[in-house]
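Notes follow once the structure below has been shown.
For the numbers below, each heavy atom of this structure counts, side chains included, while hydrogens, waters and symmetry mates do not.
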Amino acid sequence: MREIADRVLKDVLSKSIELTGEFIDEHEFEKQIWQINRENACDVKRRGEAAMKETHYWPIIKQRAEMMAPLPASSGKKTGLTAQEKYTARRLGMALGYGRSKDSILKARSYLKLLSDLREAGVTLLLLYQTREFKTYFLRHPNDLTTVLSWHRHLHPRLHQLSLRTIAQAEGDFSGRCDLEDRDILHRLRIPQGLCWRDDLSDWGDLAERDRYLAEQSIQAVSGKSNAHVLRYSPKGATDGNKSIYVSMVPYEGISAKRTVGSKPPSTKLLALSPLASISPGDFLSVFPGRLQYTDTMPAGAIHVSVPGLWLDRSEVKGKFH
């Protein structure tokens with residue numbers, strides 16, 4: 001056994017040897033960054049696989065129990081489970097690390113059954129994106145199936161959008177155009193032909209205006225990095241600093257405040273921005289898309305920036321936060 005343990009330890013320690021050599025050029029460093037991002041993505045995938053695997057344990061418990069000879073009935077509160085199911089659930093729960101106390105075993109048993117019921121009801125993304133708080137709550141309230149199903153009805157479309165944004169941004173696409181794959185959202189936006197939808201685009205429309213601005217003004221950009229870099233790491237360089245990925249466009253029915261031409265009533269099919277995660281003061285929420293202009297006259301559809309004469313023209317480029 002000691003020899004086996006030594007071999008395992010040696011194998012683990014050898015994994016870091018590749019990091020002890022000297023870098024030949026910057027490409028070696030970039031390769032390490034790519035490898036780290038890939039390993040992080042694999043970790044997320046493994047956690048998702050483990051979460052879904054847990055939903056299959058209750059059927060395994062029942063199948064194993066059906067193969068066993070009858071056991072003496074246990075005393076205590078009636079649960080509708082056979083003694084064989086309780087025994088099998090106890091062994092599997094302990095193997096999964098839920099604990100050995102009677103209370104822990106009861107909670108684990110009910111929780112595993114809840115996960116199985118949710119999977120059979122078609123709940124997938126909610127289980128894939130579950131947090132530790134989700135697990136803690138439902139270990140204490142394992143009979144709240146109705147509650148979780150109501151969450152599923154409201155959150156599944158938003159979680160689907162989140163999964164698309166996560167995949168797109170992992171590939172370096174921060175345009176937000178994946179949100180437009182939802183036909184209902186696309187229909188409600190009524191994007192005019194020729195308009196560019198880019199959450200990540202805020203550049204100069206005229207290079208001559210840019211040069212004049214740099215010559216006349218001393219205020220510099222908050223970051224000299226590209227918008228894609230800022231959106232991935234935020235201006236402060238935090239990998240989880242950009243909270244816009246959690247903000248979804250949610251369809252709803254209401255009264256529009258927009259003016260209409262003629263007697264045609266405004267549409268009641270509207271959109272609202274809603275976050276899936278907590279947003280706090282000071283959190284970074286993307287960039288405002290548009291074309292920068294430096295002129296004394298306000299362009300149509302532009303908003304004023306903090307510098308006199310500097311405008312963000314939104315007539316040709318729009319995004320989620322418009």
Side-chain angles (χ1 to χ4, degrees), residues 161-162 164-182 185-186 188-249 256-259 270-275 277 279-322:
Q161 290 179 10
L162 175 61
L164 293 179
R165 286 194 293 271
T166 302
I167 294 171
Q169 293 187 12
E171 297 295 327
D173 180 3
F174 291 87
S175 67
R177 292 190 62 84
C178 59
D179 289 335
L180 307 185
E181 294 185 20
D182 187 316
I185 289 177
L186 181 62
R188 292 169 186 249
L189 284 172
R190 297 183 179 84
I191 301 174
Q193 187 175 4
L195 187 140
C196 179
W197 186 272
R198 288 280 300 274
D199 286 342
D200 60 338
L201 181 61
S202 58
D203 59 3
W204 287 91
D206 189 319
L207 296 182
E209 290 183 2
R210 182 201 64 181
D211 295 340
R212 187 163 66 89
Y213 169 82
L214 294 175
E216 297 178 0
Q217 301 291 342
S218 59
I219 299 178
Q220 300 295 318
V222 175
S223 173
K225 303 291 186 180
S226 67
N227 281 355
H229 185 279
V230 172
L231 290 170
R232 183 183 295 278
Y233 299 108
S234 83
K236 297 181 180 180
T239 54
D240 60 345
N242 182 10
K243 296 296 182 68
S244 66
I245 192 172
Y246 300 110
V247 179
S248 297
M249 291 182 284
S256 175
K258 291 186 177 181
R259 297 179 180 179
L270 309 177
L271 290 168
L273 295 183
S274 177
I279 306 295
S280 303
D283 283 345
F284 177 63
L285 281 176
S286 192
V287 298
F288 278 110
R291 302 287 187 184
L292 288 168
Q293 294 192 24
Y294 187 55
T295 175
D296 295 332
T297 305
M298 176 181 176
I303 58 175
H304 186 247
V305 189
S306 56
V307 180
L310 186 62
W311 311 89
L312 183 68
D313 184 358
R314 304 180 298 167
S315 61
E316 298 179 359
V317 182
K318 292 189 181 296
K320 179 167 59 180
F321 287 95
H322 281 166

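Take Glu316 and apply the salt bridge (charged side-chain N to carboxylate O under 4.0 Å, His left out) test, not counting sequence neighbours, and it matches no residue.
Between the CD1 atom in Ile245 and the CD atom in Gln169 there is a gap of 4.0 Å [rounded to 0.5 Å]. From Ser306, atom OG reaches atom NE2 of His304 across 7.5 Å, with rounding to the nearest 0.5 Å. Atom CZ of Arg314 sits about 13.0 Å away from atom OG of Ser202, to the nearest 0.5 Å. Of the inter-residue distances, the one linking Met249 atom CE with Asp179 atom CG reads 4.0 Å to the nearest 0.5 angstrom. Atom CG of Leu189 sits about 11.0 Å away from atom CG of Leu270, to the nearest 0.5 Å. Atom CZ of Arg210 and atom CG of Leu310 lie 13.5 Å apart (nearest 0.5 Å).
Looking at heavy atoms from C-beta onward, Ile191 lies in side-chain contact with Leu180 at the 4.5 angstrom threshold.
With Arg212 contributing its side chain and Tyr294 its backbone, the two residues share a donor-acceptor pair below 3.5 Å. Side-chain atoms of Asn227 come within 3.5 Å of backbone atoms of Asp200 as a donor-acceptor pair (strictly under, hydrogens ignored). Side-chain N or O atoms of Lys318 include none that pairs as donor or acceptor with a backbone N or O of Gly290 at under 3.5 Å. Under the 3.5 Å distance criterion, the side-chain polar atoms of Asp313 are left unmatched by any main-chain donor or acceptor of Ala302. Here the side chain of Trp311 pairs no donor or acceptor atom with the backbone of Pro299 at under 3.5 angstrom.
By the 30° and 60° cut-offs, the orientation of the rings of Trp204 relative to Tyr213 is tilted.
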May I have the step-by-step check of side chain to side chain contact (heavy atoms under 4.5 Å, CB included) for Gln293 and Leu312, ending in yes or no?
-> CA-CA 6 Å; Gln293 294 192 24; Leu312 183 68; over 6 Å; no
Start with the C-alpha gap between Leu273 and Phe321, add the side-chain angles, then the distance that decides, and say whether side chain to side chain contact (heavy atoms under 4.5 Å, CB included) holds.
-> CA-CA 8 Å; Leu273 295 183; Phe321 287 95; 3.9 Å; yes
What do the steps show when you test Arg165 against Ser248 for side chain to side chain donor-acceptor pair (under 3.5 Å), and what is the final call?
-> CA-CA 10 Å; Arg165 286 194 293 271; Ser248 297; 3.1 Å; yes
How far apart are the C-alpha atoms of Arg291 and Val317, what are their side-chain angles, what is the distance that settles it, and do they pass the side chain to side chain contact (heavy atoms under 4.5 Å, CB included) test?
-> CA-CA 7 Å; Arg291 302 287 187 184; Val317 182; 3.8 Å; yes
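Looking at every heavy atom in both residues, Val247 comes nearest to Lys320 through O-NZ, 2.8 Å. Across Ala208 and Asp206, no two heavy atoms sit closer than the pair N-OD1, 2.7 Å.
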For a quick test of your reading: what N or O donor-acceptor pairs under 3.5 Å do the side chains of residues 281-289 make, sequence neighbours left out?
| unit_1 | atom_1 | unit_2 | atom_2 | d |
| --- | --- | --- | --- | --- |
| Asp283 | OD2 | Lys243 | NZ | 3.3 |
| Asp283 | OD2 | Ser280 | N | 2.7 |

